[in-house]
*Asks:* 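Structure below; questions to follow.
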Amino acid sequence: MEPIKKEEIFTIEDIYALPDGERAELIDGKIYYMAPPSWEHQRISRILHQAIANYIDRNNGKCEVLAAPFAVFLNKDDVDYVEPDISVICDISKLDEKGCHGAPDWIIEIVSPSSKPRDYMTKLFKYRAADVREYWIVDPEKQRTMVYGFENDIVEQYDFDEYVPVGIYEGFTIKIE
């Protein structure tokens with residue numbers, strides 16, 4: 001009988017030991033290497049970041065909007081480390097020089113071909129379990145945004161030419177196109 005091979009569990013220490021310039025996320029002790037983002041991915045990230053930052057500034061908001069690469073330590077463990085494309089954090093006490101310790105209020109992931117299963121499945125469940133209030137999956141290939149409002153168990157879908165209401169901010173909408 002052959003012994004059962006135990007899967008190696010990685011930690012945040014392993015993420016910090018990666019060579020300079022190499023980016024990866026850590027989910028339940030498994031490392032997921034990240035390819036450099038495409039031009040379209042970066043354009044969408046800029047549009048979203050700018051719209052959110054402008055809204056927060058106009059309304060004298062207390063939340064911070066941060067774009068990747070930015071470390072989010074979802075749980076109080078050493079086996080979960082993600083870099084969402086956009087994080088909105090309203091409890092500033094969660095922030096320090098290393099990143100965000102605990103769940104951001106709102107996370108946006110922009111899907112790339114290599115991240116699709118992770119964004120639609122793994123991170124969806126991970127973010128919900130960590131008490132993220134709202135999660136958007138922006139899919140350039142499908143020209144669609146999936147919105148998960150975890151506080152109210154809402155799942156909605158919007159095309160890029162539609163205004164998407166932001167659940168954590170009353171009366172704020174974003175059109176990606």
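Being a predicted model, the structure only gives us computed values, none of them experimental.
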*Asks:* Who are the side chain to side chain contact (heavy atoms under 4.5 Å, CB included) partners of Arg144, not counting sequence neighbours?
*Replies:*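 Side chain to side chain contact (heavy atoms under 4.5 Å, CB included) check on Arg144 returns Tyr120, Lys142, Met146, Gln157.
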*Asks:* Given side chains that start at C-beta, do those of Arg118 and Tyr32 come closer than 4.5 Å, heavy atoms only?
*Replies:* yes
*Asks:* Could you pull out the closest heavy-atom pair between Pro84 and Glu109, with the gap in Å?
*Replies:*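 So the two residues come closest at CA-OE2, 3.3 Å.
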*Asks:* Ignoring hydrogens, what is the shortest heavy-atom contact between Ala24 and Leu18? Give both atom names and the distance.
*Replies:*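 Minimum heavy-atom contact is CB-CD1, 3.6 Å.
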*Asks:* Would you please test Ile107 and Tyr148 for side chain to side chain contact (heavy atoms under 4.5 Å, CB included) and show each step?
*Replies:* CA-CA 10 Å; Ile107 288 178; Tyr148 297 87; over 6 Å; no
*Asks:* Linking Ile, Leu, Val, Met, Phe, Trp and Tyr by side-chain heavy atoms under 4.5 Å, what else ends up with Ile47?
*Replies:* none
*Asks:* Nearest 0.5 Å, please: how far is CZ in Arg133 from CZ in Arg128?
*Replies:* 14.5 Å
*Asks:* Where do Glu141 and Val111 land on the side chain to side chain contact (heavy atoms under 4.5 Å, CB included) test, with the steps shown first?
*Replies:* CA-CA 8 Å; Glu141 185 181 311; Val111 175; over 6 Å; no
*Asks:* List, by chain and then residue number, the residues other than Ile86 in its hydrophobic cluster (Ile/Leu/Val/Met/Phe/Trp/Tyr, side-chain heavy atoms under 4.5 Å); write none if there are no others.
*Replies:* Ile44, Leu48, Ile52, Tyr55, Ile56, Val65, Val88, Trp106, Ile108, Ile110, Trp136, Val138, Val147, Tyr158, Phe160, Val164, Val166, Ile168, Tyr169, Phe172, Ile174, Ile176
*Asks:* Above 12 or not: heavy atoms from other molecules or residues under 6.0 Å from CD of Glu22?
*Replies:* yes
*Asks:* What's the spacing between Ile154 CD1 and Glu134 CD if we round to 0.5 Å?
*Replies:*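 That separation rounds to 8.5 Å.
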*Asks:* Got a sec: does the NZ of Lys116 have more than 12 other heavy atoms crowding it under 6.0 Å?
*Replies:* yes
*Asks:* Write out all pairs satisfying disulfide (SG to SG under 2.5 Å) with one or both partners inside residues 125-174, taking only residues at least two apart or from two chains.
*Replies:*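 Not a single pair qualifies under disulfide (SG to SG under 2.5 Å).
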*Asks:* On a heavy-atom basis, which atom in Leu74 and which in Lys126 lie closest, and how many Å separate them?
*Replies:*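 Where Leu74 meets Lys126 most closely, the heavy atoms are CD1-CG, 3.7 Å.
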*Asks:* To the nearest 0.5 angstrom, please state how far the NZ atom of Lys30 sits from the CD atom of Glu25.
*Replies:*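 Going from NZ on Lys30 over to CD on Glu25, the span is 13.0 Å.
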*Asks:* Using side chain to side chain donor-acceptor pair (under 3.5 Å) as the criterion, list what pairs up with Asp96, not counting sequence neighbours.
*Replies:*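 Here the qualifying residues are His101.
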*Asks:* Drop me the distance from Leu95's CG to Ile89's CD1, to the nearest 0.5 angstrom.
*Replies:*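 Reported value, rounded in 0.5 Å steps: 5.0 Å.
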*Asks:* Name all residues meeting the disulfide bond (SG atoms under 2.5 Å apart) criterion together with Cys63; count only those two or more places apart in sequence or in a different chain, and write none if there are none.
*Replies:*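 Once residues adjacent in sequence are excluded, the partners of Cys63 under the disulfide bond (SG atoms under 2.5 Å apart) criterion are Cys90.
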*Asks:* Are Lys98 and Tyr16 in a cation-pi contact, defined as NZ or CZ under 6.0 Å from the six-membered ring centre and within 45° of the axis?
*Replies:*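 Yes, Lys98 lies over the aromatic ring of Tyr16.
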